[in-house]
Amino acid sequence: MDAFVVRANGPLSGTVRVCGATKNAGLKQVAAALLAPGVTLLRNLHPVLDLDAMLDVMRAIGAGAEWTGENELTIDASGPLTPEAPYELVTRMRASINVLGPLLARCGEARVAMPGGDNIGSRKLDMHFRGLQAMGADLEIVHGLIEARCRTLCGARIVLDFPSVGATENLLTAAVLAKGQTVLDNAAREPEISDLAAFLNRMGAQISGAGSSTIEVDGVESLTPIENEVMGDRIEAGTILMACGVAGGEVTVEGTRLDHLEMVALKLGEMGLDVSPTPDGLTARCDERMHAVDVATLPYPGFATDFMPLVVALLATVVGSAIVTENVFDNRFGFVDELHRMGADIRNEGRHAVVRGVDRLSGAPVRAQDVRAGAALVVAGLAADGETRVLDPYHVDRGYPDLAGQLHALGADVRRVRPPA
Ligand code: EPU
């Protein structure tokens with residue numbers, strides 16, 4: 001059966017290298033490549049399911065998308081483009097909404113299916129729409145399609161109600177070719193935004209302030225395709241830290257930056273996992289069972305919501321009780337029932353969960369419901385008696401190229417089993 005199969009195997013030890021941030025940074029750069037007529041080359045991308053879906057979107061739009069080397073992808077946006085992302089593709093992967101800004105900027109029109117909600121919350125798009133309208137776009141929803149058009153996009157001052165990652169990205173990629181200056185206030189500050197802005201600037205865009213709450217964009221006439229290396233995956237790095245917290249041991253993670261993981265390192269430090277920087281990443285060590293600390297998720301540089309299921313899995317195994325509050329998504333605790341199957345003591349109500357650490361989890365068949373929840377179940381299995389089978393592993397495959405291989409390299413007993421071909 002298709003699953004991750006996990007057994008506790010003592011403390012972790014060794015060194016792993018994280019992959020590129022394909023899901024949370026790479027997909028956005030693939031979409032942004034539509035802005036530059038010609039051939040863009042992206043390095044440090046890894047095959048994950050969400051990238052497959054994004055490449056299908058690109059091909060539907062009329063852009064070429066080919067692997068041209070190991071972890072090296074070529075996007076040919078020479079044109080002509082068909083500015084349409086159909087429902088079947090958009091529902092496979094929400095980040096297809098990221099083509100809206102680039103298509104409007106490049107083609108003056110876009111038809112992108114509404115993605116709808118998903119397993120972690122309602123995931124509205126109102127800020128994307130209001131921002132594009134402020135730049136002069138006409139938008140309407142017709143038969144489930146966002147139909148957007150504009151004669152000319154014009155720079156505008158846009159204040160986001162909440163520092164949405166997706167809205168910041170869409171507005172940034174629309175603003176780079178708009179007439180005049182755009183000021184984005186209350187913008188998301190995630191490192192993936194800075195990585196996108198640096199990519200766009202190298203293509204000829206004029207963006208300043210990315211990584212802060214105020215981003216200024218001076219529109220330019222055109223962008224030129226370039227070669228770019230996508231940042232290392234901080235969420236994957238954090239997942240390995242959480243695994244080290246659950247299993248104990250000492251691990252070195254290469255290809256990431258501790259300053260991208262400051263709040264996670266701080267919290268894990270309070271819980272008993274020492275994290276320190278190395279020249280190419282970080283190292284973490286945990287000598288004894290960790291203890292509980294309250295956690296509340298917030299936009300960057302706060303504790304990322306993507307680590308919430310992982311930290312709940314960790315807290316389920318430590319000494320003491322903690323309150324976990326989810327402030328970013330409205331429905332991200334669905335995985336708690338799966339942890340209950342493993343003997344976890346968690347009470348969840350609305351945006352809060354009280355997690356009481358137990359002496360030992362017990363392995364069980366459990367089901368992944370989204371990418372991070374699935375990873376959290378794999379990590380929980382590292383401290384469970386007997387075998388844990390994480391079913392619906394494709395959720396994990398959406399964002400992690402080889403989570404089992406990485407944990408295995410650190411001594412964990414984790415296998416990704418697949419049905420016979
Ligand atoms: N929101 C609105 N209106 C909008 C946009 C967002 O109300 O117009 C709300 C959402 O409903 C949500 C909150 O704002 O409650 C945050 O949404 P955001 O737009 O920041 O998230 P996103 O762009 O849809 C990306 C990542 C998520 C990550 C979030 C937050 C990708 C492909 N997805 O989603 O990644 O959790 O930012 O950092 O980059 C994951 O990796 O597991 C994952 C879900």
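Counting convention: from 1, in listed order, for ligands and their atoms alike. These figures come from a predicted structure and were not determined experimentally.
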Exercise for the section: Would you mind checking if Glu192 and Lys28 are paired as a salt bridge, meaning a charged N to carboxylate O distance below 4.0 Å? Expected result: no

Practice task
Indicate whether any N or O donor in one side chain lies under 3.5 Å from an N or O acceptor in the other, for Arg332 and Thr305.
Solution key: yes

Exercise for the section: State which residues pass salt bridge (charged side-chain N to carboxylate O under 4.0 Å, His left out) with Glu229; sequence neighbours excluded, sorted by chain then number. Expected result: none

Handout entry: Under 4.0 Å from ligand 1 - residues by heavy atom, chain and number
Key = Lys23, Asn24, Lys28, Ile120, Arg123, Lys124, Leu125, Asp126, Met127, His128, Phe162, Ser164, Val165, Gly166, Glu190, Thr305, Asp306, Val328, Phe329, Arg332, Val371, Arg372

Completion exercise
Sorted by chain and number, sequence neighbours left out, side chain to side chain contact (heavy atoms under 4.5 Å, CB included) with Asp294 holds for Ala322, Ile323

Handout entry: N/O donor-acceptor pair under 3.5 Å between Glu349 side chain and Arg351 backbone
Key = no

Problem - Qualifying residues under salt bridge (charged side-chain N to carboxylate O under 4.0 Å, His left out), relative to Glu216, sequence neighbours excluded - result: none

